[in-house]
Amino acid sequence: QVQLVESGGGLVQPGGSLRLSCAASGSIFSINAMGWYRQAPGKERELVASINSFRSTNYADSVKGRFTISRDNAKNTVYLQMNSLKPEDTAVYYCNMRAVISRAILRELDYWGRGTLVTVSS
């Protein structure tokens, strides 16, 4: 019943901006971290950005200075503001949540959204 739903993907021109959002729903005991990964055709999935419960952030070198990750704890939502987009940013972007969903079983697991496509092209 735990779900992550991404939104905000689409087609944008180089140099443009896009904001992705991901809302987590269902029975969740605690969210330890949320993040964004991306996967381009023929390439491995890579971490784009992450944010933990203390709002400490981490970014891939390729997106530093261009992307910003943020989190709204009250809404269990994570955002990715993407500026100065480049064609090489084209990929399916996946939302990730590292969380404990059961108070009885304190196992930290990764949960994934189904992905949203971002295409950067002129």
Option from T77, N73, V78 for which side-chain contact (heavy atoms from CB on, under 4.5 Å) with K75 holds: T77
I31 vs R71, side-chain contact (heavy atoms from CB on, under 4.5 Å): CA-CA, chis, key distance, verdict: CA-CA 11 Å; I31 299 174; R71 178 178 177 180; 3.1 Å; yes
hydrophobic_cluster_shared for V2 and L109, side chain cutoff 4.5 Å: yes
Connected via hydrophobic side-chain network under 4.5 Å: L85 and Y59: yes
Minimal non-hydrogen separation, L80 against A49, with atom names: CD1-CB, 4.2 Å
Sidechain N-carboxylate O distance under 4.0 Å for K86, D89: no
Under-4.0 Å salt bridge between E6 and R114: no
Whether S50 side chain and G35 backbone form a donor-acceptor pair below 3.5 Å: no
Any donor-acceptor N/O pair, R66 side chain to S84 backbone, under 3.5 Å: yes
Shared hydrophobic cluster, V63 / L20 (ILVMFWY, side-chain heavy atoms < 4.5 Å): yes
Near-ring test F67/W36, centroid separation under 6.0 angstrom: no
R45 to Y94, cation-pi by 6.0 Å centre distance and 45° axis angle: yes
Side-chain H-bond candidate by donor/acceptor type, S7 with S21, under 3.5 Å: yes
